[in-house]
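For reference, the structure is listed below as C-alpha coordinates.
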Amino acid sequence: MTDITQQQIGNIALLVKDYDEAIEFYTQKLQFTLVENTDLGNGKRWVQVSPPNSNGANLLLARASNDKQTQAVGNQTGGRVFLFLQTNDFWRDYQLMQKNGVLFNETPRVEEYGTVVVFEDLYGNKWDLLQLNNINKSS
(Lines give C-alpha, C1' and ligand atoms only; values in the text may rest on other atoms or scores of the structure.)
Protein backbone atom coordinates (compact mmCIF):
# COMPACT_ATOMS: atom_id res chain seq x y z
CA MET A 1 0.00 0.00 0.00
CA THR A 2 1.39 3.40 -1.03
CA ASP A 3 0.89 6.46 1.15
CA ILE A 4 -0.49 9.40 -0.78
CA THR A 5 1.30 12.65 -0.06
CA GLN A 6 -1.09 15.48 0.67
CA GLN A 7 0.26 18.99 1.03
CA GLN A 8 -0.98 22.53 0.78
CA ILE A 9 0.40 26.02 1.24
CA GLY A 10 -0.95 27.19 4.57
CA ASN A 11 0.33 30.76 4.67
CA ILE A 12 2.06 33.25 2.42
CA ALA A 13 4.20 35.74 4.33
CA LEU A 14 3.68 39.36 3.33
CA LEU A 15 6.08 41.94 4.72
CA VAL A 16 4.32 44.95 6.26
CA LYS A 17 5.48 48.12 8.00
CA ASP A 18 2.87 47.99 10.74
CA TYR A 19 0.54 45.21 11.85
CA ASP A 20 -2.44 47.41 12.69
CA GLU A 21 -2.44 49.48 9.49
CA ALA A 22 -2.12 46.28 7.43
CA ILE A 23 -4.98 44.63 9.34
CA GLU A 24 -7.12 47.71 8.74
CA PHE A 25 -6.40 47.72 5.00
CA TYR A 26 -7.12 44.04 4.47
CA THR A 27 -10.20 43.84 6.70
CA GLN A 28 -11.74 47.22 5.79
CA LYS A 29 -10.80 47.84 2.15
CA LEU A 30 -10.67 44.24 0.89
CA GLN A 31 -13.18 42.78 3.36
CA PHE A 32 -10.77 40.01 4.44
CA THR A 33 -11.35 38.15 7.70
CA LEU A 34 -8.88 38.49 10.56
CA VAL A 35 -8.14 34.81 11.21
CA GLU A 36 -5.63 35.26 14.02
CA ASN A 37 -3.82 38.05 15.85
CA THR A 38 -1.62 36.56 18.57
CA ASP A 39 1.00 38.51 20.54
CA LEU A 40 4.26 36.55 20.52
CA GLY A 41 6.14 39.02 22.71
CA ASN A 42 8.90 41.52 21.96
CA GLY A 43 6.65 43.37 19.47
CA LYS A 44 6.16 40.31 17.28
CA ARG A 45 2.70 39.01 16.38
CA TRP A 46 1.23 36.09 14.45
CA VAL A 47 -1.32 37.81 12.21
CA GLN A 48 -3.27 35.94 9.56
CA VAL A 49 -5.93 37.34 7.22
CA SER A 50 -7.98 35.57 4.59
CA PRO A 51 -10.47 36.50 1.87
CA PRO A 52 -14.11 35.92 2.85
CA ASN A 53 -15.24 32.29 2.64
CA SER A 54 -11.78 31.16 1.51
CA ASN A 55 -10.49 27.65 2.04
CA GLY A 56 -7.04 28.36 0.65
CA ALA A 57 -3.85 29.83 2.03
CA ASN A 58 -3.92 32.73 4.48
CA LEU A 59 -1.76 35.83 4.31
CA LEU A 60 0.64 35.97 7.22
CA LEU A 61 1.30 39.65 7.87
CA ALA A 62 4.94 39.81 8.94
CA ARG A 63 6.25 43.13 10.23
CA ALA A 64 9.64 43.99 8.74
CA SER A 65 12.27 43.65 11.45
CA ASN A 66 15.45 44.92 9.77
CA ASP A 67 16.58 47.32 7.04
CA LYS A 68 16.68 44.67 4.31
CA GLN A 69 13.10 43.58 5.05
CA THR A 70 11.90 47.18 5.32
CA GLN A 71 13.30 47.91 1.85
CA ALA A 72 11.33 44.96 0.44
CA VAL A 73 7.96 46.08 1.86
CA GLY A 74 5.70 46.79 -1.12
CA ASN A 75 8.07 45.23 -3.63
CA GLN A 76 8.49 41.60 -2.70
CA THR A 77 8.41 40.52 -6.36
CA GLY A 78 10.38 43.28 -8.07
CA GLY A 79 7.30 45.12 -9.31
CA ARG A 80 5.41 42.15 -10.75
CA VAL A 81 1.93 41.12 -9.74
CA PHE A 82 2.44 39.26 -6.47
CA LEU A 83 -0.90 37.79 -5.48
CA PHE A 84 -4.07 36.79 -7.34
CA LEU A 85 -7.40 37.38 -5.61
CA GLN A 86 -9.90 35.14 -7.40
CA THR A 87 -13.58 35.94 -7.13
CA ASN A 88 -16.90 34.54 -8.26
CA ASP A 89 -18.24 38.05 -9.00
CA PHE A 90 -15.67 40.39 -10.47
CA TRP A 91 -17.87 43.48 -10.84
CA ARG A 92 -19.28 43.25 -7.31
CA ASP A 93 -15.80 43.10 -5.79
CA TYR A 94 -14.31 45.68 -8.16
CA GLN A 95 -17.03 48.19 -7.32
CA LEU A 96 -16.73 47.55 -3.57
CA MET A 97 -12.97 47.96 -3.71
CA GLN A 98 -13.35 51.20 -5.69
CA LYS A 99 -15.81 52.48 -3.07
CA ASN A 100 -13.33 51.56 -0.33
CA GLY A 101 -10.54 53.57 -1.98
CA VAL A 102 -8.37 50.77 -3.35
CA LEU A 103 -5.87 52.02 -5.97
CA PHE A 104 -6.23 50.40 -9.40
CA ASN A 105 -3.41 50.52 -11.96
CA GLU A 106 -5.65 50.08 -14.98
CA THR A 107 -9.21 49.67 -16.13
CA PRO A 108 -10.68 46.14 -15.99
CA ARG A 109 -10.09 44.02 -19.05
CA VAL A 110 -11.50 40.81 -20.45
CA GLU A 111 -8.88 38.26 -21.39
CA GLU A 112 -9.25 34.78 -22.87
CA TYR A 113 -9.02 33.27 -19.36
CA GLY A 114 -11.33 35.74 -17.57
CA THR A 115 -11.88 39.30 -16.32
CA VAL A 116 -8.96 40.96 -14.53
CA VAL A 117 -7.65 44.22 -13.12
CA VAL A 118 -4.40 45.09 -11.32
CA PHE A 119 -4.65 46.85 -7.97
CA GLU A 120 -2.23 47.79 -5.20
CA ASP A 121 -2.27 47.09 -1.51
CA LEU A 122 -1.42 49.80 1.02
CA TYR A 123 2.32 49.38 0.41
CA GLY A 124 2.24 49.13 -3.38
CA ASN A 125 2.35 45.34 -3.85
CA LYS A 126 0.54 44.53 -7.08
CA TRP A 127 -2.40 42.14 -7.06
CA ASP A 128 -4.77 40.82 -9.72
CA LEU A 129 -8.48 40.81 -8.99
CA LEU A 130 -9.55 37.96 -11.22
CA GLN A 131 -12.66 36.09 -12.21
CA LEU A 132 -11.76 33.07 -14.27
CA ASN A 133 -14.15 32.02 -17.01
CA ASN A 134 -14.67 28.62 -15.38
CA ILE A 135 -15.92 30.11 -12.07
CA ASN A 136 -19.66 30.65 -12.03
CA LYS A 137 -20.99 34.11 -11.28
CA SER A 138 -23.06 34.46 -8.16
CA SER A 139 -26.76 35.01 -8.58
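- Here the closest non-hydrogen pair linking R92 and D89 is N-OD1, 3.1 Å.
- Counting heavy atoms from C-beta outward, F32 and S50 have side chains that stay 4.5 Å or more apart.
- In this structure, Y123 and L14 have side chains that are not in contact, with every pair of non-hydrogen atoms separated by 4.5 Å or more.
- Among residues two or more places apart in sequence or in another chain, the side-chain hydrogen bond (donor to acceptor under 3.5 Å, both in side chains) test is passed with N37 by R45.
- Take R109 and apply the side-chain hydrogen bond (donor to acceptor under 3.5 Å, both in side chains) test, not counting sequence neighbours, and it matches E106, E111.
- Sequence neighbours left out, the pairs with a member in residues 66-76 that pass side-chain hydrogen bond (donor to acceptor under 3.5 Å, both in side chains) are S65-Q69.
- Connection of W127 to F90 is established within a shared hydrophobic cluster, with ILVMFWY side chains joined at heavy-atom distances below 4.5 Å, either directly or through further cluster members.
- Nearest approach of K17 to R63, heavy atoms of both residues: O-CG, 3.4 Å.
- Hydrophobic clustering of Ile, Leu, Val, Met, Phe, Trp and Tyr side chains at less than 4.5 Å, counting indirect connections, unites F82 with L15.
- Side-chain atoms of N42 never come within 3.5 Å of backbone atoms of K44 as a donor-acceptor pair (strictly under, hydrogens ignored).
- Closest heavy-atom contact between T87 and Q131: O-CG, 3.4 Å.
- Partners of F104 under the side chain to side chain contact (heavy atoms under 4.5 Å, CB included) rule, at least two apart in sequence or in another chain, are Y94, M97, Q98, V102, V117, F119.
- Put simply, the side chain of V47 reaches to within 4.5 Å of the side chain of L34, judged on heavy atoms.
- Of all heavy-atom pairs spanning V73 and A64, the tightest one is CG2-CB, 3.9 Å.
- V81 and L122 are assigned to two separate hydrophobic clusters, defined by single-linkage of ILVMFWY side chains at heavy-atom distances under 4.5 Å.
- Atom CG of L40 is surrounded by more than 12 heavy atoms from other residues, nucleotides or ligands within 6.0 Å.
- Contact check for W91 versus P108: side-chain heavy atoms found under the 4.5 Å cut-off.
- Note on I12: it clusters hydrophobically with V49, by side-chain heavy-atom contacts below 4.5 Å among ILVMFWY residues.
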Table please: side-chain donor-acceptor pairs of residues 22-29 below 3.5 Å, with sequence neighbours left out.
| residue | atom | partner | partner atom | Å |
| --- | --- | --- | --- | --- |
| Y26 | OH | D121 | OD2 | 2.9 |
| T27 | OG1 | I23 | O | 2.7 |
| K29 | NZ | N100 | O | 2.7 |

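- Contact check for L132 versus F84: no side-chain heavy atoms found under the 4.5 Å cut-off.
- Residues meeting the side-chain hydrogen bond (donor to acceptor under 3.5 Å, both in side chains) test with N105, sequence neighbours left out: E120.
- With values rounded to the nearest 0.5 angstrom, L103 atom CG is found 10.0 Å from K126 atom NZ.
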